[in-house]
Amino acid sequence: MNERKRTNPAPLPGNPAEAGGNAIEAPFIFKKNGYYYLFASIDYCCKGAKSDYKMIVGRAKDVQGPYLDKNGVALDAGGGTFLLEGNEKWNGVGHNAVYTFDKTDYIIFHGYDATQNGRPKLRIEKLAWDKAQWPIVEINQ
């Protein structure tokens with residue numbers, strides 16, 4: 001995934017400023033490498049070809065947090081390291097779970113297939129870990 005700088009959109013009217021303007025849902029905690037990883041989905045699901053769903057991650061040494069992204073920003077203050085987002089093949093991806101099968105980590109989620117007008121499909125991809133112990137989705141082409 002491209003590591004370009006991203007900003008959290010401005011909050012929606014009536015929401016606290018620190019929440020930002022993106023929707024956030026589907027939290028999932030996975031323990032690995034001495035950390036608890038909090039995976040979440042942001043932006044908007046369930047719009048088929050117009051979905052802009054994305055996945056972010058943060059981690060903590062304690063299950064109760066605080067969960068921080070790669071830059072040290074707390075997820076509850078607009079932080080989150082981007083893990084996976086839509087592209088020309090997938091309009092949006094999210095609502096994930098992470099599990100280990102036979103010593104291999106996988107991320108299980110749904111995506112909106114751009115080649116089929118945003119039809120939702122289940123996806124299962126391998127999850128690797130970089131030298132700093134951050135997750136990386138290994139896309140099966």
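What's counted below: heavy atoms across the whole structure, side chains too, no hydrogens, waters or symmetry copies.
One side chain, Thr115 or Asp113, offers a donor N or O that lies under 3.5 Å from an acceptor on the other. Checking Ser51 against Asn91 by side-chain atom types alone, no donor-acceptor pair falls below 3.5 Å.
Here the side chain of Lys54 pairs a donor or acceptor atom with the backbone of Asp52 at under 3.5 angstrom. Tyr36 places no side-chain N or O within donor-acceptor distance of the main-chain N or O of Lys32, the cut-off being under 3.5 Å. Between the side chain of Ser41 and the backbone N or O of Gly94, no donor-acceptor pair lies under 3.5 Å.
Counting heavy atoms from C-beta outward, Ile56 and Asp69 have side chains that stay 4.5 Å or more apart. Residues Lys61 and Tyr35 have side chains in contact (heavy-atom distance under 4.5 Å, counting atoms from C-beta outward). Taking the side chain as every heavy atom from C-beta outward, Met55 and Phe39 never approach each other to under 4.5 Å. Using a 4.5 Å cut-off on side-chain heavy atoms (C-beta onward), Leu83 and Val137 make contact. Using a 4.5 Å heavy-atom cutoff, the side chains of Ile107 and Leu84 are not in contact. Between Tyr112 and Arg119, the closest side-chain pair of non-hydrogen atoms is not below 4.5 Å. Two residues are said to be in side-chain contact when any heavy atoms from C-beta on lie closer than 4.5 Å; Leu68 and Val73 fail this criterion. Side-chain atoms of Asp76 and Tyr67, non-hydrogen and from C-beta on, never get closer than 4.5 Å to each other.
The local environment of NZ in Lys121 is crowded, with over 12 non-hydrogen atoms from other residues, nucleotides or ligands closer than 6.0 Å. The number of heavy-atom neighbours closer than 6.0 Å to CG of Asn117, taken from other residues, nucleotides and ligands shown, is 12 or below.
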- prompt: Between Trp134 and Trp129, does a side chain to side chain contact (heavy atoms under 4.5 Å, CB included) hold up when you go through it step by step?
  reply: CA-CA 5 Å; Trp134 284 95; Trp129 303 88; 5.7 Å; no

task: Take Leu127 and Ile136 through the side chain to side chain contact (heavy atoms under 4.5 Å, CB included) test and state the conclusion after the steps.
output: CA-CA 6 Å; Leu127 197 61; Ile136 302 166; 5.9 Å; no

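Atom-to-atom distance recorded for Ile29:CD1 and Leu38:CG is 5.5 Å, nearest 0.5 angstrom.
For the pair Glu138 and Glu125, the tightest heavy-atom approach, listed with the atom from each and the gap, is O-OE1, 3.4 Å.
Trp90 and Tyr53 are members of different hydrophobic clusters when ILVMFWY side chains are connected at heavy-atom separations under 4.5 Å.
For the pair Lys31 and Tyr37, the NZ or CZ position fails the cation-pi test of under 6.0 Å to the six-membered ring centre and within 45 degrees of the ring normal. In this structure, Arg123 is not positioned above the aromatic face of Phe109 in the sense of NZ or CZ being under 6.0 Å from the six-membered ring centre and within 45° of the axis.
Under the 6.0 Å cut-off for aromatic ring centres, Phe28 and Phe30 do not qualify, their centroids lying 6.0 Å or more apart.
Looking at Lys70 and Asp130, a side-chain N of the basic residue comes within less than 4.0 Å of a carboxylate O on the acidic one, giving a salt bridge.
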